[in-house]
Amino acid sequence: MPVMSKLCSSCTIEDKADDPDAEARVNSVRGLILVCETLTSNVDQSSDIGESVYAYIKVEVMPALFRALDDYAVDNRGDVGSWVREAAMDALERCTFILCKRDAVAVRAAPAAEDESEPSDMDANAISTTCQLFDSAIAQGLVAGIAKQAVEKIDKIREIAVRTLQRILYNQEQFVPSIPYRKLLEEIIPNNSDLEWAVPTVSYPRLVKILQASCYSKPVLSGLVISTGGLQESLRKASTSALVGYLQDSSINIDDKGKSREYLLSHDILWVLQRYQKCDRVITPTLKRLLRLCSVNRSS
């Protein structure tokens with residue numbers, strides 16, 4: 001546990017925005033997931049030690065990896081934080097399968113431990129919920145964090161993020177439960193290896209539709225504004241066109257009935273401005289995005 005604790009603290013940048021040692025954080029993330037996989041493959045899941053290891057992965061490791069997804073350190077080599085974010089996405093996917101596999105084993109074992117007759121559907125659901133380590137809160141945070149990476153400005157990171165979501169949604173060996181808006185996500189991100197997700201004109205028109213889901217809209221928008229307010233012309237045009245198209249598409253349904261997409265987007269933009277109020281990396285492109293949206297609204 002002390003080793004895992006140190007690795008958790010070492011893989012996040014926290015408040016040290018100018019921390020130059022991105023390689024150490026990358027290696028900490030990689031080391032952390034290797035420790036988790038080694039421990040869970042060699043421990044009795046039903047033992048006290050086994051239970052404590054899985055609980056630690058849920059309570060400490062997953063949140064540390066979520067924080068690593070917010071590593072945007074930059075030095076003379078460029079966005080070195082992207083190395084950490086890439087490693088964190090891989091580690092989160094592997095942690096997800098660790099927890100889901102344990103949940104599946106626990107659910108199968110629970111009825112066998114009873115001396116009574118086979119439980120009813122209601123009893124089975126109760127057992128499932130009680131045993132569950134990978135719950136809806138973790139599933140929501142996982143998808144939101146990776147979806148944010150899928151709409152940001154680095155082509156390689158966007159493609160890795162979408163491929164990660166595909167494996168989570170469609171894994172044949174281990175089903176990942178409790179994902180909010182799963183049907184919507186599967187419509188947006190089909191199990192298709194032919195789509196070129198690194199191409200902005202392919203990815204943004206699809207991924208911008210995740211804004212329909214209120215539990216994902218704020219993180220996704222915080223990633224999207226960096227692209228729409230960025231300096232790279234082709235990326236800016238593709239992401240801006242996708243966002244305007246989303247606002248103008250009357251066929252898209254939203255889960256907040258009675259509220260317009262413009263209202264919901266404005267609400268989410270205010271959240272981004274408040275959440276990142278001291279972060280120029282996010283605030284500057286967000287303000288540029290507001291200006292462009294206003295100009296589009298005036299011209300239309």
Contacts of type side-chain contact (heavy atoms from CB on, under 4.5 Å), residue Ser241, not counting sequence neighbours: none

Residues forming a salt bridge (Lys or Arg N to Asp or Glu O under 4.0 Å) with Asp135, sequence neighbours excluded: Lys58

Residue list, side-chain contact (heavy atoms from CB on, under 4.5 Å) with Thr201, at least two apart or on another chain: Val199, Ala238

Pairs satisfying salt bridge (Lys or Arg N to Asp or Glu O under 4.0 Å), at least one member in residues 191-219, at least two apart: Lys218-Asp268

Gln172 side-chain N/O to Tyr170 backbone N/O, donor-acceptor pair under 3.5 Å: yes

Close side-chain approach of Pro190 and Leu195, heavy atoms under 4.5 Å: yes

Lys/Arg N to Asp/Glu carboxylate O, Asp90 vs Arg94, below 4.0 Å: yes

Test side-chain hydrogen bond (donor to acceptor under 3.5 Å, both in side chains) applied to Asn27 - qualifying residues, sequence neighbours left out: none

Any pair counted as salt bridge (Lys or Arg N to Asp or Glu O under 4.0 Å), so long as it reaches residues 181-193, sequence neighbours left out: Arg182-Glu186

Expected output: side-chain Asp103 to main-chain Leu133 donor-acceptor under 3.5 Å: yes

Qualifying residues under salt bridge (Lys or Arg N to Asp or Glu O under 4.0 Å), relative to Arg30, sequence neighbours excluded: none

Taking every non-hydrogen atom, the tightest pair across Pro180 and Cys215: CB-SG, 3.9 Å

Least distance between heavy atoms, Asp71 atom then Arg85 atom: O-NH1, 2.8 Å

Glu86 bridged to Lys156 by N-O distance under 4.0 Å: yes

Partners meeting salt bridge (Lys or Arg N to Asp or Glu O under 4.0 Å) with Glu60 (sequence neighbours left out): none

Nearest non-hydrogen partners of Arg158 and Ser203, listed with the distance: NE-OG, 3.8 Å

Partners meeting salt bridge (Lys or Arg N to Asp or Glu O under 4.0 Å) with Lys6 (sequence neighbours left out): none

Minimum heavy-atom distance Glu23-Trp83, with the two atoms named: OE2-CZ3, 3.7 Å

Arg275: side-chain contact (heavy atoms from CB on, under 4.5 Å) partners, not counting sequence neighbours: Asp70, Trp271

Heavy-atom neighbours of Phe175 CZ exceed 12 at 6.0 Å: yes

Considering all heavy atoms, the nearest Ser227-Val151 contact: OG-O, 2.8 Å

Derivation and outcome, salt bridge (Lys or Arg N to Asp or Glu O under 4.0 Å), residues Asp249 and Arg261: CA-CA 10 Å; Asp249 189 348; Arg261 273 166 287 176; 5.3 Å; no

Closest non-hydrogen atom pair between Ile138 and Phe134, with its separation: CG2-CE1, 3.6 Å

Residues which pass side-chain contact (heavy atoms from CB on, under 4.5 Å) with Ala161, listed by chain and number, not counting sequence neighbours: Met89, Ile146, Gln149, Ala150

Sequence-distant partners of Gln140, side-chain hydrogen bond (donor to acceptor under 3.5 Å, both in side chains), two or more places apart: none

